[in-house]
Amino acid sequence: MPEVLRKIVVENSDIISKNWLDEITEKRKSDYTSNISESLYHSTNQEFINVIFSSINHRGDTVEMDDFAERLINLGWPLSYITDGLQTFRRVTIEFILNQSDKVDTNEFSRILKIVEDWVEPIINQLVNQYSGSWEHTVSLQRLALQELSAPLIPVMDNITVMPLIGTIDTERAKLIMENLLEGAMKHNSQVILIDITGVPIVDTMVAHHIIQAAEAVRLIGATCILVGIRPEIAQTIVNLGIDLSNFPTKSSLRKGFKTALSLTNREIVDLNTSREEDITKILDSLK
């Protein structure tokens, strides 16, 4: 029975394909594919139905299916295109087979349904697995990229580095902050590290605890942390929560923190214009 139906379906693939394409095209008026160009849409549909029949012909897994899924993923087509297309194929194929029989009882219908399901299910599994693997890989790369951006350590001068923090700080990110601080302090030979929390919306007990831990870890390797970017509302929250930052230098802005960092590294900001005037005055006085 399965082989007989397979032969019928393959021999009438043109009719089934036309019925399938008609239904898919009708759906296009109200779904996500309405913004796709006509030529790309029709060529993709034609390739899809060819892949389906190729799978049925080869009784399962095909290289063409993997290639087709990879192209869809690269083009950004959603998984729902695959599932909707296969659901439509299932329905169109069953209707075609039933129309070939004058009389179909419940048992016969169940057998036909089971056979078509056995054709379609491996295709769904293979394509969904292909999509899932690609998404997991993409998400993994994005996660790594976000981690690299979430706690950057930027050397701005010899022995002085800045870590600008933006967004919320959870336990996982706090761990990354500490790792980057320690590795960066050693790599850049930092004496002073400015942790800028201007872009951190909320500083609660947990966030403060993580920052204090990171600063303490940096102190143990011989560097000093300065917490900068403390807005009035953040300062009030810290006081209300009873968080002790007495051993942790703090400044309201990055500019003030940078001046402190210069002082800690035996440097200072000098106004060159004023310096020149003083030098000229000294020269003129020496000529008198």
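Values below: every heavy atom of this structure, side chains too, minus hydrogens, waters and symmetry copies. Numbers here simply count residues along the sequence, with the first being 1.
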Are the charged groups of Asp22 and Lys18 less than 4.0 angstrom apart, N to O?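 A salt bridge links Asp22 with Lys18.
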
When you check the gap from the basic side-chain N to the acidic O, do Glu216 and Arg219 get nearer than 4.0 Å? yes

Side-chain contact, heavy-atom cut-off 4.5 Å: [X] with [Y]?
{"X": "Pro164", "Y": "Pro152", "result": "yes"}
{"X": "Leu264", "Y": "Gln191", "result": "no"}
{"X": "Ile234", "Y": "Val200", "result": "no"}
{"X": "Lys251", "Y": "Lys259", "result": "no"}
{"X": "Phe68", "Y": "Asn50", "result": "no"}
{"X": "Ile52", "Y": "Ile123", "result": "yes"}
{"X": "His42", "Y": "Thr25", "result": "yes"}
{"X": "Trp119", "Y": "Val116", "result": "yes"}

Hey, is CE on Met186 packed in by over 12 heavy atoms from elsewhere, all under 6.0 Å? no

Check this for me: Glu95, atom CD, are more than 12 non-hydrogen atoms of other residues, nucleotides or ligands nearer than 6.0 Å? yes

With rounding to the nearest 0.5 angstrom, report the [atom1] to [atom2] distance, [X] to [Y].
{"X": "Leu165", "Y": "Ile197", "atom1": "CG", "atom2": "CD1", "answer": "8.0 Å"}
{"X": "Leu98", "Y": "Ile112", "atom1": "CG", "atom2": "CD1", "answer": "4.5 Å"}
{"X": "Asn180", "Y": "Leu176", "atom1": "CG", "atom2": "CG", "answer": "4.5 Å"}
{"X": "Asp118", "Y": "Leu113", "atom1": "CG", "atom2": "CG", "answer": "9.5 Å"}
{"X": "Glu70", "Y": "Leu72", "atom1": "CD", "atom2": "CG", "answer": "10.5 Å"}
{"X": "Thr250", "Y": "Ile195", "atom1": "OG1", "atom2": "CD1", "answer": "12.0 Å"}

With clusters defined by side-chain heavy atoms of hydrophobic residues (ILVMFWY) lying less than 4.5 Å apart, directly or transitively, does Val51 cluster with Leu40?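 Yes.
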
Give the cluster check for Ile211 versus Ile202: same hydrophobic cluster or not, with ILVMFWY residues linked at side-chain heavy-atom distances below 4.5 Å. no

Chi angles and distances behind the side-chain contact (heavy atoms from CB on, under 4.5 Å) call for His188, Ile193: CA-CA 10 Å; His188 303 299; Ile193 298 176; over 6 Å; no

Which heavy atom in [X] sits nearest to a heavy atom in [Y], and how many Å separate them?
{"X": "Pro249", "Y": "Thr224", "value": "CG-CG2, 4.4 Å"}
{"X": "Val192", "Y": "Ala261", "value": "CG1-CB, 3.6 Å"}
{"X": "Ile226", "Y": "Gly257", "value": "CD1-O, 4.0 Å"}
{"X": "Ala185", "Y": "Ile221", "value": "CB-CD1, 3.7 Å"}
{"X": "Val120", "Y": "Arg90", "value": "CG1-NH2, 3.8 Å"}
{"X": "Ala214", "Y": "Leu181", "value": "CB-CD1, 3.5 Å"}

Picking from Asp158, Asn159, Thr161, what satisfies side-chain hydrogen bond (donor to acceptor under 3.5 Å, both in side chains) with Ser190? Thr161

Under a 3.5 Å cutoff, is there a donor and acceptor pairing between the side chains of Arg267 and Thr265? yes

Evaluate the criterion side-chain contact (heavy atoms from CB on, under 4.5 Å) for residue pair Ile97 and Ile115; output intermediate values, then yes/no. CA-CA 11 Å; Ile97 294 172; Ile115 291 168; over 6 Å; no

Can you check side-chain contact (heavy atoms from CB on, under 4.5 Å) on Leu182 and Met178, steps first, answer last? CA-CA 6 Å; Leu182 294 174; Met178 183 176 294; 4.0 Å; yes

Sole residue of Asp84, Asn45, Asn19 in side-chain contact (heavy atoms from CB on, under 4.5 Å) with Ile24: Asn45

Please evaluate residues Phe258 and Val228 with respect to the criterion side-chain contact (heavy atoms from CB on, under 4.5 Å), reporting the C-alpha separation (whole Å), side-chain torsions for both, the decisive distance (0.1 Å), and the verdict. CA-CA 9 Å; Phe258 188 67; Val228 302; over 6 Å; no

